[in-house]
Q: 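Take a look at the following structure, please.
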Amino acid sequence: MKVEFTVNGDRQDVDVEPRRTLADALREDLGLTGTHVGCEHGVCGACTVLVDGEPVRACLMFAVQAEGSSVTTIEGMAGPDGTLHPLQEAFSTHHGLQCGFCTPGMLMSALDLLNREERPCRSRIREELSGNICRCTGYAGIVDAVEAAAEELATGAEPA
């Protein structure tokens, strides 16, 4: 089936089997390998992307369901000149990257949170990221990073 959707601001036309997941279409058909596939059951959150601004598990969504949608992946977070998003910078500064496997899903979930809430408290950050599993137990650094990025985005200050 021919499917047309926008990924990170670029219109894409892909020809997929009806059962092909959005994660596989992004990774294998479009070469956007930043979206990771972990459990393939929607439990781990590694495949989280934003579809029309809402977080979805790309391993649970068929590519054909994205017809006409706008998809944002981890590759779409940085600026056009390659400047990292404040969340990406904060993950690096606060050691939230760990092995990096969960990072794309964590960043997309955190981006969704900061798009909805200007300054979430630490417990709110933990609650929002609870659907993403970090096998390296980097949660403290990840929560620190989201908190710092929220502060930077709210005030324009440099992350601590």
Q: Hydrophobic clustering (ILVMFWY, side-chain heavy atoms < 4.5 Å, transitive) - are Ile74 and Phe91 grouped together?
A: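 Same cluster.
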Q: Should Leu107 and Val56 be counted in the same cluster of Ile, Leu, Val, Met, Phe, Trp and Tyr side chains packed under 4.5 Å apart?
A: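 No, because Leu107 and Val56 fall into different hydrophobic clusters, even though each may have its own neighbours under 4.5 Å.
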Q: Of all residues at least two apart in sequence or in a different chain, which pass the salt bridge (Lys or Arg N to Asp or Glu O under 4.0 Å) check with Glu117?
A: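 Expected list: Arg124.
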Q: Please report the interatomic distance CD1(Ile133) to SG(Cys39), rounded to the nearest 0.5 Å.
A: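 Rounded to the nearest 0.5 Å, the CD1-SG separation comes to 7.0 Å.
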Q: May I ask whether Val64 and Phe5 are part of the same hydrophobic cluster, defined by side-chain heavy atoms of I, L, V, M, F, W, Y residues being less than 4.5 angstrom apart, directly or through others?
A: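 Yes: a chain of side-chain contacts under 4.5 Å links Val64 to Phe5.
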Q: Just jot down the ring pair (Phe, Tyr, Trp, His ring centres under 6.0 Å) partners of Phe101, sequence neighbours excluded, or say none.
A: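 Residues passing ring pair (Phe, Tyr, Trp, His ring centres under 6.0 Å) with Phe101: His36.
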Q: Is there a path from Met61 to Leu50 through hydrophobic residues (I, L, V, M, F, W, Y) whose side chains come within less than 4.5 Å of each other?
A: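 Result: no, two separate clusters.
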Q: Got a sec, which residues hit salt bridge (Lys or Arg N to Asp or Glu O under 4.0 Å) with Arg27, two or more places apart in sequence or on another chain?
A: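 In terms of salt bridge (Lys or Arg N to Asp or Glu O under 4.0 Å), with neighbours along the sequence ignored, Arg27 is linked to no residue.
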Q: Group every Ile, Leu, Val, Met, Phe, Trp and Tyr by side-chain heavy-atom contacts under 4.5 Å, then state whether Met1 and Val14 land in the same group.
A: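 Met1 and Val14: one cluster.
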Q: For the atom pair CD1 (Ile125) and CD (Glu147), what is the distance rounded to the nearest 0.5 Å?
A: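 Interatomic distance, Ile125 CD1 to Glu147 CD, rounded to 0.5 Å: 5.5 Å.
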Q: Check whether more than 12 heavy atoms from other residues, nucleotides or ligands sit under 6.0 Å from atom CZ of Arg19, and answer yes or no.
A: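 No, CZ of Arg19 has 12 or fewer neighbouring heavy atoms, counting only those of other groups under 6.0 Å.
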Q: Taking atom CD of Glu4 as the centre, does the number of heavy atoms from other residues, nucleotides or ligands within less than 6.0 Å exceed 12?
A: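 More than 12 within 6.0 Å, yes.
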